[in-house]
Amino acid sequence: MKDLMPILSTLRRHRIAAGLIVLEVALSCGIVTNALHLIQTRIEALNADSGMAESEIAVLTLRGSKPQLPERTASIVAEDLARVRAVPGVKAATVANQIVYGNNSNNSGASLEPDNKGVRINASQYAADEQLIPTFGLKLVEGRNFTTDEILDSFQAFSVADPKIPQLIVNKVMAERLFPGQSAVGKTIYLFGSSPSTIIGVVETLTHTQLHRARSDGRGAAMILPLRGGGSYVIRAEPGKLDAQIKAVTAVLEEGDKGRVVTQARSLTEMRSAFYAQDRAMAWLMGGVCVALLLVTAMGIVGLASFWVQQRTRMIGTRRALGATESQILRYFQLENLLLTTTGILIGLVGAWALSQLLMQSYELPRLPWLYLLAGALTLWVLGQLAVWVPARRAARLSAVAALRS
């Protein structure tokens, strides 16, 4: 209290300068805590598990010189896959209507009652033959995979008003959402109307093609329909041989029909890198903003402390002449800085919470954890003390005679 009253008296005489430091600390606290939270969400997205053997998978897209009849698509795909699977080094191959990190997204609803009645959730809809699970490298945790006889022609299946899909496989998220606490295998659900579909298997992880949409609110649900039709060719190769297998499969597909061209052939790791390019850029940008704000805040504290040391040189000399030690002078400036930063932090924490609420409502971001508020406060407290140390140390080392002569 002996040091506190002179500090408060001095701050009242320098309201503008003190207010600017408080405002600077408050802005840094509010922005940095939310920026760190955004960085963490981006890092979590970058590390999201697709559940697939990504390093062994490649996706090939074809373009034909002449259009094929829709009713011929399934047979053409079957012939292509027979040739591709015969290529040495290809562990599995399929044609899927969509794949993670791709540009397309197919979704449909699933209900426990016919005609869209009762509990209904939206799920990502994959369509492929029995080779999708081994090609993607998915883990079947319950039930079984499709058999060859259960694969349907997608054109014929959807050529009627009420498509009949007798069997399907779902992911764990969808199974738990539809049948919490129960086994989903053998249960009946309805997809497109009044025709029932039986769940024959459950895979551990199968995500939405846009992983940022796979949230706990049900959009992480996904299912596999036993349909053979159009889509991208997906291959899984022996580890370390993917590049060679991409070239070999490309040649096989183009030789099968001289009018077709493989327009794009990429490994899934390349697709993942491109998919998350914006997230990486955002994380670096937010990191740069945090560093810049903290540097500006530290420079402001150093500048203000240095200015006040010059303004109070005679006061320092008087206190030294009256017996004040170096540690007491140092403590005086550190306590003064602690008061300013604490005030700014308290205002900044309120602002950080308000900004977090705005981001939650506008961009569906998760709530700002209180640990980020604590980390932001501690960071600014430490930063404030480090920033004021040099000018405070310089003030503490002033001799009484030199200070009084200035």
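Checked by atom type, the side-chain pair Glu79/Ser75 shows no donor-acceptor distance below 3.5 Å. In this model, no donor atom of one side chain and acceptor atom of the other lie less than 3.5 Å apart for Tyr126 and Asn97. Donor-acceptor pairing under 3.5 Å is lacking for the side chains of Thr269 and Ser55. In the model, Gln125 has a side-chain atom that pairs as donor or acceptor with a side-chain atom of Ser108 under 3.5 Å.
Counting non-hydrogen atoms of other residues, nucleotides and ligands closer than 6.0 Å to NZ of Lys187 gives a total above 12.
Here the CG atom belonging to Asn337 is positioned 8.5 Å from the CD1 atom belonging to Ile21, to the nearest 0.5 angstrom. Separation of atoms OG1 (Thr94) and CZ (Arg236) is listed at 13.0 Å; rounding is to 0.5 Å.
Screening residues 88-108 for salt bridge (Lys or Arg N to Asp or Glu O under 4.0 Å) gives Glu56-Lys91 as the qualifying pairs, with residues at least two apart or on separate chains. Evaluation of the ring-ring contact (aromatic ring centres under 6.0 Å, His included) test over residues 165-201, restricted to residues two or more places apart or in two chains, returns Phe158-Phe192.
In terms of heavy-atom proximity, Thr73 sits nearest to Gly229 at CG2-C, 3.8 Å.
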Next on the checklist: Run Ser124 and Gln98 through side chain to side chain donor-acceptor pair (under 3.5 Å) and show every step you take.
Outcome noted: CA-CA 9 Å; Ser124 184; Gln98 61 180 3; 3.0 Å; yes
Item to check | side chain to side chain donor-acceptor pair (under 3.5 Å) assessment of Thr207 paired with Ser50 | outcome: CA-CA 6 Å; Thr207 66; Ser50 66; 5.9 Å; no
